[in-house]
Amino acid sequence: DTGVSQDPRHKITKRGQNVTFRCDPISEHNRLYWYRQTLGQGPEFLTYFQNEAQLEKSRLLSDRFSAERPKGSFSTLEIQRTEQGDSAMYLCASSTGAGRQGIDTQYFGPGTRLTVL
Amino acid sequence: AQSVTQPDIHITVSEGASLELRCNYSYGATPYLFWYVQSPGQGLQLLLKYFSGDTLVQGIKGFEAEFKRSQSSFNLRKPSVHWSDAAEYFCAVGSSNYKLTFGKGTLLTVNP
């Protein structure tokens, strides 16, 4: 069991550039989640996939953000025209999808730290 | 909408002392509660979780938490803190729409 992995771990970009992050969930985990964590705050939910279907998106996910999980395995999160306010840690998590009433344990990756200059 | 409050932003304890981190939640149905720990620059590691059953839950690294429905609390405890426990601790509540709602975290400093 290799855990959730994220790439890159750190990304520095200039305002207005596009960035893309990748998340590889734990093998055979059906659910994949993206969260954003700013300094001094807890993680905030962005979006969630059940296999390849994106089932929920937070209002935090503006139209500059897009997430995909094309084959139900890895996922990408793209931010277009980055702004300084996008600077944060982007965390990915996965779960089996076998939990009762939709709740099961989410396992987190190490995160991607984005800095927008 | 669900919410989580961690009243203590920063706690300092001496190594070997006991620890209690507070967590209060607001949720309209049966809560699913979690404690995660985050070391600097790292992701979150699950310490323990409560779904149902025994209200005293044991976790990894010697941590435990007690669910008290009457107080809407899920406090984390450890009888003897080690220097390696210094980190940030997050309480979270899970809802039927799958997302976790986190508190703002409590930063733990351990003095030698």
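Chain identifiers are assigned alphabetically (A, B, ...) following the order of the sequence lines, protein sequences preceding nucleic acid strands; residue numbering begins at 1 within each chain.
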### Query
For B:Q38, is it the side chain, the backbone, both or neither that has a heavy atom under 4.5 Å from a heavy atom of chain A?
side chain

### Task
Sort A:E44 into side chain, backbone, both or neither according to what part of it lies under 4.5 angstrom from a heavy atom of chain B.
neither

### Message
So for atom CD, which belongs to B:Q58, do other residues, nucleotides or ligands contribute more than 12 heavy atoms lying within a distance under 6.0 Å?
### Response
yes

### Message
What I'd like to find out is whether the side chain of A:Q41 reaches to under 4.5 Å of the side chain of B:F90, using heavy atoms alone.
### Response
no

### Task
Specify the closest pair of heavy atoms between A:Y35 and B:L100, including all atoms of both residues, with the distance to one decimal.
OH-N, 3.0 Å

Got a list of side-chain donor-acceptor pairs under 3.5 Å for residues 82-89 of chain B, not counting sequence neighbours?
unit_1, atom_1, unit_2, atom_2, d
B:H82, ND1, B:S84, N, 3.1
B:H82, ND1, B:S84, OG, 2.7
B:D85, OD1, B:K78, NZ, 3.1
B:D85, OD2, B:K78, NZ, 2.8
B:D85, OD2, B:H82, N, 2.8
B:Y89, OH, B:D85, O, 2.5

### Task
Evaluate the side-chain proximity of A:F108 to B:Q42: yes if any heavy-atom separation is below 4.5 Å, no if none is.
no

### Query
For atom CZ of B:R77, is the number of surrounding heavy atoms from other residues, nucleotides or ligands below 6.0 Å larger than 12?
yes

#### Entry: Rounded distance [0.5 Å steps], CD in A:Q106 versus OH in B:Y36
5.5 Å

### Query
If you draw a 6.0 Å radius around CD in A:E78, do more than 12 non-hydrogen atoms from other residues or ligands fall strictly inside?
yes

### Message
Could you see if A:F74 belongs to whatever hydrophobic cluster contains A:L55? Use Ile, Leu, Val, Met, Phe, Trp, Tyr and a side-chain cutoff under 4.5 Å.
### Response
no

### Query
With respect to chain B, which residue among A:S95, A:G42, A:P43 yields the maximal number of heavy-atom pairs within a distance under 4.5 Å?
A:P43

### Query
Does any non-hydrogen side-chain atom of B:F34 lie less than 4.5 Å from one of A:T105?
yes

### Task
Name the option with the most non-hydrogen atom pairs under 4.5 Å to chain A; the candidates are B:G43, B:C91, B:G103, B:G105.
B:G43

### Message
Counting only non-hydrogen atoms closer than 4.5 Å, does B:L46 touch chain A with its backbone (N, CA, C, O), its side chain (CB onward), both, or neither?
### Response
side chain

Ignoring hydrogens and angles, write down the donor-acceptor pairs under 3.5 Å from the side chains of residues 110-117 of chain A, residues two or more places apart or on other chains.
unit_1, atom_1, unit_2, atom_2, d
A:T112, OG1, A:P8, O, 2.5

### B:I60 atom CD1, neighbour heavy-atom count above 12 within 6.0 Å
yes

